Chemist: 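Sharing a structure with you now.
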Number of protein chains: 2
Amino acid sequence: MTTTLYELLADGDRLISPYCWRTRFALPHKGLDATLIPIKFTEKEKIAFSGQDKVPVITDGEKVVFDSWTIACHLEDAYPDRPTLFGGDVGRALARFINSWGDKVQNPMMGSLIIFDVFQGLCPEDKAYFQKTREQRFGKALAEVQKGREERVAGFRSALEPVRSLVAEQPFISGKKPAYADYIVMGGFMWARNTSSLKLLEPNDPVFAWRDRMLDAFDGMAAGSNGLTV
Amino acid sequence: MTTTLYELLADGDRLISPYCWRTRFALPHKGLDATLIPIKFTEKEKIAFSGQDKVPVITDGEKVVFDSWTIACHLEDAYPDRPTLFGGDVGRALARFINSWGDKVQNPMMGSLIIFDVFQGLCPEDKAYFQKTREQRFGKALAEVQKGREERVAGFRSALEPVRSLVAEQPFISGKKPAYADYIVMGGFMWARNTSSLKLLEPNDPVFAWRDRMLDAFDGMAAGSNGLTV
């Protein structure tokens with residue numbers, strides 16, 4: 001059976017969607033060797049078959065699944081005999097808490113630090129669309145959103161405390177081995193890594209060491225991706 | 001085997017520690033019928049046998065355990081055949097994320113909204129100690145900390161989004177049944193309920209309905225406790 005992942009591409013073949021990265025990690029966790037199809041913001045006709053216009057989208061045999069959380073649940077349920085992404089029903093519910101924390105806290109805070117960098121690194125044909133939709137969302141110019149980030153990065157680091165308290169005492173958010181909760185949080189860091197040279201973490205931060213472990217996971221899959229910084 | 005819980009008491013027999021409430025819920029979850037020993041801030045000699053001065057403290061047979069998270073882990077490991085608090089190793093790791101979110105986000109935000117109410121409702125002999133230690137922590141008078149809370153409560157509600165997104169779609173944070181992650185978050189709400197009349201939640205908020213379900217859990221254990229508001 002063939003599995004395919006449609007994911008978002010910036011200039012320089014950089015994979016930049018924090019949500020696509022969640023799926024990117026979940027696939028090898030389940031032992032799936034997916035065909036990767038990068039698309040640009042302006043190539044949404046390539047995923048029109050999914051009935052909506054957001055990546056990630058996967059096809060898994062005959063099945064089409066979109067939305068990173070729905071994809072994770074599909075993979076867990078379709079491949080119950082392979083390594084678990086959630087470690088059971090309670091683990092799935094709690095991973096969803098972290099998913100929501102990633103969507104509502106981590107990624108918006110990151111966005112306010114790197115969004116102009118993201119814009120600058122897009123493929124030229126994607127820039128107008130991105131600028132228009134994101135400036136509507138933020139209510140101001142993207143360069144303005146990012147302003148003062150050197151002072152604001154401390155607030156972002158502080159908001160990572162729930163992650164920090166875990167990875168200071170165990171190798172991964174999910175315990176001894178990485179699982180879906182790790183992929184959620186790492187997705188955000190891959191977005192930043194592959195778009196911005198801002199130093200989000202201090203080297204002595206336990207989250208920094210965790211991020212390194214995640215970069216090395218699956219034979220250095222993330223470390224080997226095109227990016228601007230580690 | 002006898003189990004005992006030492007927990008914090010305010011004036012009017014109100015149990016007010018968010019951390020003691022975590023344990024309060026965990027005990028019946030594990031089917032343990034604990035003897036409850038309320039203590040005041042100025043009665044710390046009663047828990048000196050634990051080698052430290054913070055509640056909750058439990059004695060479980062010969063064993064003395066303190067710190068709500070350590071107690072939860074003890075109960076899970078000592079009673080593996082009873083209903084699980086975490087649903088496995090990954091669930092335990094992710095519950096710890098929520099534990100840290102409760103400690104670093106939920107409870108400090110709540111504290112900034114209700115701390116003067118907490119102070120006002122303490123047993124008279126506890127007030128001087130509480131005022132001194134908390135004003136040191138906040139760096140200002142407790143009445144000042146609470147100021148402007150009618151405007152700031154919206155920020156607290158917004159920070160609950162990771163909880164909201166779960167309980168909008170399933171009855172409890174942990175899934176179909178409550179488990180330790182629910183007790184963590186509910187501990188904070190019991191602190192507020194039993195000390196303050198501030199309306200923390202809008203009635204149409206899914207978190208409001210979840211809180212009602214938690215008040216009803218274990219035959220209305222929390223609903224039956226002395227408090228100021230629901």
Side-chain angles (χ1 to χ4, degrees), chain A residues 26 29 67-70 72-73 76 83-109 155-185 206-207 210, chain B residues 26 29 67-70 72-73 76 83-109 155-185 206-207 210:
Chain A
H29 185 108
D67 173 76
S68 60
W69 178 255
T70 309
C73 291
E76 185 75 347
T84 177
L85 288 166
F86 301 126
D89 288 342
V90 175
R92 185 186 300 217
L94 303 190
R96 199 169 169 189
F97 180 101
I98 299 180
N99 203 69
S100 178
W101 178 87
D103 295 354
K104 307 285 182 179
V105 180
Q106 180 194 6
N107 290 348
M109 288 188 93
F156 171 72
R157 289 172 186 157
S158 168
L160 292 174
E161 191 52 39
V163 177
R164 185 172 299 114
S165 63
L166 284 177
V167 299
E169 298 200 25
Q170 59 193 36
F172 296 100
I173 295 171
S174 306
K176 289 178 191 151
K177 290 187 287 190
Y180 197 67
D182 294 86
Y183 309 150
I184 293 166
V185 181
V207 183
W210 165 83
Chain B
H29 185 109
D67 174 76
S68 60
W69 178 255
T70 309
C73 292
E76 185 75 347
T84 176
L85 288 166
F86 302 126
D89 288 343
V90 175
R92 184 186 302 218
L94 303 191
R96 201 170 168 188
F97 180 101
I98 298 179
N99 202 69
S100 179
W101 177 86
D103 296 353
K104 307 285 182 181
V105 180
Q106 180 194 7
N107 291 347
M109 286 188 94
F156 172 72
R157 289 173 186 157
S158 167
L160 291 175
E161 190 53 37
V163 177
R164 185 172 298 116
S165 62
L166 283 178
V167 298
E169 298 201 25
Q170 58 193 39
F172 297 100
I173 296 171
S174 305
K176 286 178 196 152
K177 289 188 287 188
Y180 197 68
D182 294 87
Y183 310 150
I184 293 166
V185 181
V207 183
W210 164 82

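Just so it is clear: chains get the letters A, B, ... in the order the sequence lines come, proteins before strands, and each one is counted from 1. This structure is a prediction, so every number in the text was calculated from the model and none was measured.
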Chemist: Do Q106(A) side-chain atoms and M109(A) backbone N/O form a donor-acceptor pair below 3.5 Å?
Modeler: no
Chemist: When heavy-atom pairs shorter than 4.5 Å are enumerated against chain B, which of V163(A), I98(A), T84(A) gives the highest number?
Modeler: I98(A)
Chemist: Measure L166(B) against the heavy atoms of chain A and call it side chain, backbone, both or neither at under 4.5 Å.
Modeler: side chain
Chemist: Report which part of E161(B) has an atom under 4.5 Å of a heavy atom belonging to chain A: side chain, backbone, both, or neither.
Modeler: both
Chemist: If only atom types and distance count, is the side chain of R96(A) paired as donor or acceptor with the main-chain N or O of W69(A) below 3.5 Å?
Modeler: no
Chemist: Of all the heavy-atom pairs spanning W210(B) and D182(B), show the shortest one and how long it is.
Modeler: NE1-OD2, 2.9 Å
Chemist: Could you tell me which non-hydrogen atom of I184(A) sits nearest to which non-hydrogen atom of A95(A), and how far apart they are?
Modeler: CD1-O, 3.5 Å
Chemist: At a heavy-atom separation under 4.5 Å, does F86(B) approach chain A through its side chain, its backbone, both, or neither?
Modeler: backbone
Chemist: Step by step, work out the side-chain contact (heavy atoms from CB on, under 4.5 Å) result for Y180(A) and V90(B).
Modeler: CA-CA 10 Å; Y180(A) 197 67; V90(B) 175; over 6 Å; no
Chemist: Taking every non-hydrogen pair under 4.5 Å, which of A179(A), S174(A), G175(A), S165(A) racks up the most with chain B?
Modeler: S174(A)
